[in-house]
Amino acid sequence: QVHLVESGGGLVQPGGSLRLSCVGSESLFSIAHMGWYRQAPGKQRELVATITSGGRTNYGNAVKDRFAISRDNAKKTVYLQMNNLRPEDTAVYYCNADAWVPGVQGSQDLWGQGTQVTVSS
């Protein structure tokens with residue numbers, strides 16, 4: 001079952017902007033941390049940004065001062081505003097959430113299927 005659905009990826013020129021969205025399914029509850037990770041070809045998955053239910057944020061060093069994470073708890077949605085994009089930002093971006101799923105004991109570490117972001121001229 002797909003619990004997280006990302007959207008907003010695409011092709012953008014260097015210096016451009018994109019906004020990613022990730023919507024949690026209606027069945028999710030008690031969503032704690034939400035965040036974004038990315039994986040470029042041949043590289044390990046790395047932290048982009050996370051945000052707690054209270055709004056505390058954390059960013060990977062590569063994206064500080066260029067990206068901004070936010071969330072709408074009522075909509076179970078997390079956003080990633082990406083500005084001043086660089087070719088090295090090219091990767092598949094994955095949404096992540098720590099949430100409870102009906103019928104399953106304990107919070108679950110959930111992942112979306114990913115959305116491709118390509119920065120190229």
Side-chain angles (χ1 to χ4, degrees):
Q1 185 175 0
V2 177
H3 292 294
L4 300 172
V5 178
E6 303 104 332
S7 62
L11 173 64
V12 63
Q13 292 186 342
S17 298
L18 280 176
R19 188 192 195 207
L20 305 183
S21 299
C22 171
V23 182
S25 64
E26 285 295 322
S27 63
L28 296 182
F29 60 99
S30 296
I31 302 174
H33 290 76
M34 298 187 81
W36 293 92
Y37 292 75
R38 68 186 184 185
Q39 187 166 19
K43 295 187 177 181
Q44 290 187 330
R45 191 171 295 190
E46 65 173 356
L47 166 72
V48 177
T50 61
I51 185 168
T52 67
S53 57
R56 183 175 298 177
T57 59
N58 180 49
Y59 293 92
N61 289 332
V63 306
K64 281 181 180 178
D65 302 323
R66 298 188 297 124
F67 291 10
I69 190 171
S70 60
R71 65 188 281 176
D72 184 329
N73 291 330
K75 295 182 179 179
K76 300 180 182 180
T77 300
V78 63
Y79 306 96
L80 184 70
Q81 177 66 43
M82 304 185 293
N83 299 322
N84 191 22
L85 283 158
R86 304 167 180 168
E88 53 264 38
D89 294 318
T90 296
V92 178
Y93 284 69
Y94 295 92
C95 178
N96 173 250
D98 179 14
W100 288 72
V101 178
V104 180
Q105 189 171 8
S107 64
Q108 303 298 304
D109 185 30
L110 304 174
W111 292 89
Q113 294 178 315
T115 185
Q116 177 71 46
V117 171
T118 302
V119 185
S120 175
S121 56

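Position 1 is the first residue of the sequence, and the numbers go up from there.
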Grab the two heavy atoms, one from [X] and one from [Y], that are nearest each other, plus how far apart they are.
X	Y	answer
W100	Q105	CZ3-C, 4.3 Å
A40	T90	CB-O, 3.6 Å
N83	S17	OD1-OG, 3.0 Å
V101	F29	C-CE2, 4.0 Å
L47	Y59	CD2-C, 4.3 Å
M34	K76	CE-O, 4.1 Å

Query raised in the report: Side chains of R71 and N73: donor-acceptor distance under 3.5 Å anywhere?
Result: yes

Query raised in the report: Cut-off 3.5 Å, side chains only: do T118 and S120 have a donor facing an acceptor?
Result: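 Checked: T118/S120 side chains show no N/O donor-acceptor pair below 3.5 Å.
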
Requested in this report: Please assess Q108 against H3 for the test side chain to side chain contact (heavy atoms under 4.5 Å, CB included), listing each intermediate value before the final yes or no.
Outcome: CA-CA 11 Å; Q108 303 298 304; H3 292 294; over 6 Å; no

Report task. For the pair Y94 and W111, name the ring-plane relationship: parallel under 30°, tilted 30 to 60°, perpendicular over 60°. Result ->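 Answer is perpendicular, since the angle exceeds 60°.
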
Query raised in the report: If two hydrophobic side chains count as joined below 4.5 Å and joins carry through other members, does L110 share a cluster with V48?
Result: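 Yes; tracing contacts between hydrophobic side chains, which count when under 4.5 Å, links both residues.
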
Query raised in the report: If Ile, Leu, Val, Met, Phe, Trp and Tyr residues are connected whenever their side-chain heavy atoms lie under 4.5 Å apart, and connections chain through other members, are I51 and M82 in the same group?
Result: yes

Query raised in the report: Going through the distances and angles, do E6 and L20 end up as a side chain to side chain contact (heavy atoms under 4.5 Å, CB included)?
Result: CA-CA 7 Å; E6 303 104 332; L20 305 183; over 6 Å; no

